[in-house]
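Below: the structure, in structure tokens.
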Amino acid sequence: MEKRVALFPGSFDPFTKGHYDIVERGLKLFDEIIIAIGYNSSKQTRYFAIDEMVESINGSFTNEPRVSVITYSELTATLAQRLGARYLLRGLRNTTDFEYENSVSQVNRYLYPELETVFLITSPSYAAINSTIIREVHKYGGDVSEFLPYPLKK
Ligand code: ADP
């Protein structure tokens, strides 16, 4: 049987416990998950350095050989096709996520018709975790370690 490979694309600025939860649960559905950090989206500049984020995410999954991390700056659908990933994994927290994800997934399927986006509803304990808020808190010196599945260097 064909290996079920899912791409989990995102900005991951930073990768949070909410993202971690989606990956862990995704592993029950897929043989392999590729976490893909996009760096050429509308979010132009990153707050957390991309190389450090790759290292931190890898460090969170050292015991999980089915998870890998890459960076990309092309269309997500093109990347998925190139990697032989027929599934996109995304998390849904609320109706705002839904509105956005709905149109993105339509476009992705238009670009690569075999591509199915699979949505996992966030676990209640992680529903409030939001990368934007974590960046704000961190910027002003607040402790964000509780929201991240790895220790921050600075
Ligand atoms: P993007 O800029 O592509 O939205 P993000 O890094 O913000 O990238 O999010 C990547 C994916 O993870 C999205 O599908 C988003 O809805 C989901 N996600 C973000 N935070 C959480 C969370 N706390 N629980 C579940 N899913 C989440």
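Counting starts at 1 for both ligands and their atoms, in listed order. Keep in mind the model is a prediction, meaning the values are calculated, not measured.
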**Item:** Residue Arg25 excluded, over 12 heavy atoms near CZ under 6.0 Å
**Value:** yes
**Item:** Closest to atom 5 (P) of ligand 1 among Pro9, Gly38, Ser11, Ala36 (heavy-atom distance)
**Value:** Ser11
**Message:** Below 3.5 Å, N or O to N or O, backbone or side chain included: is there any such pair between Ile129 and ligand 1?
**Reply:** yes
**Request:** Kindly indicate, with the supporting measurements, whether the criterion ring-ring contact (aromatic ring centres under 6.0 Å, His included) is fulfilled by Phe147 and Tyr126.
**Result:** CA-CA 9 Å; Phe147 308 115; Tyr126 303 122; 9.9 Å; no
**Request:** Run the numbers for me: atoms of ligand 1, each under 4.0 Å from some heavy atom of Asp97, listed by number.
**Result:** 16 (O)
**Prompt:** Do Phe12 and ligand 1 have an N or O pair less than 3.5 Å apart?
**Reply:** yes
**Message:** Under a 3.5 Å threshold, yes or no: a donor from one side chain and an acceptor from the other, between Arg46 and Tyr39?
**Reply:** no
**Glu101 heavy atom under 4.0 Å from ligand 1** = yes
**Prompt:** Taking only heavy atoms of Phe8, which atoms of ligand 1 are found under 4.0 Å from at least one of them?
**Reply:** 11 (C), 12 (O)
**Message:** Using the ring centroid of each side chain, check whether Phe15 and Phe48 are separated by less than 6.0 Å.
**Reply:** no
**Request:** State whether the shortest distance between N or O atoms of Leu92 and N or O atoms of ligand 1 falls below 3.5 angstrom.
**Result:** no
**Message:** Heavy-atom contact check, 4.0 Å cutoff: does Ile22 meet ligand 1?
**Reply:** yes
**Prompt:** Hey, are Arg86 and Glu2 close enough for a salt bridge, meaning a charged N less than 4.0 Å from a carboxylate O?
**Reply:** yes
**Lys/Arg-Asp/Glu bridge criterion (N-O < 4.0 Å) met for Glu32, Arg4** = no
**Message:** Asp13 versus ligand 1: do any nitrogen or oxygen atoms come within less than 3.5 Å of each other?
**Reply:** no
**Request:** Identify, by atom number and element, the atoms of ligand 1 in contact range of Tyr126, meaning under 4.0 Å from any of its heavy atoms.
**Result:** 22 (C), 23 (N)
**Prompt:** Is a side-chain donor-acceptor pair under 3.5 Å present for His138 with Tyr47?
**Reply:** yes
**Asked** Quick one: does Ser131 get an N or O within less than 3.5 Å of an N or O on ligand 1?
**Response** no
**Message:** Under 4.0 Å, heavy-atom basis, I'd like to know which part of Arg93 is in contact with ligand 1: side chain, backbone, both or neither.
**Reply:** side chain
**Prompt:** Looking only at side chains, do Asp143 and Ser145 share a donor and an acceptor under 3.5 Å apart?
**Reply:** yes
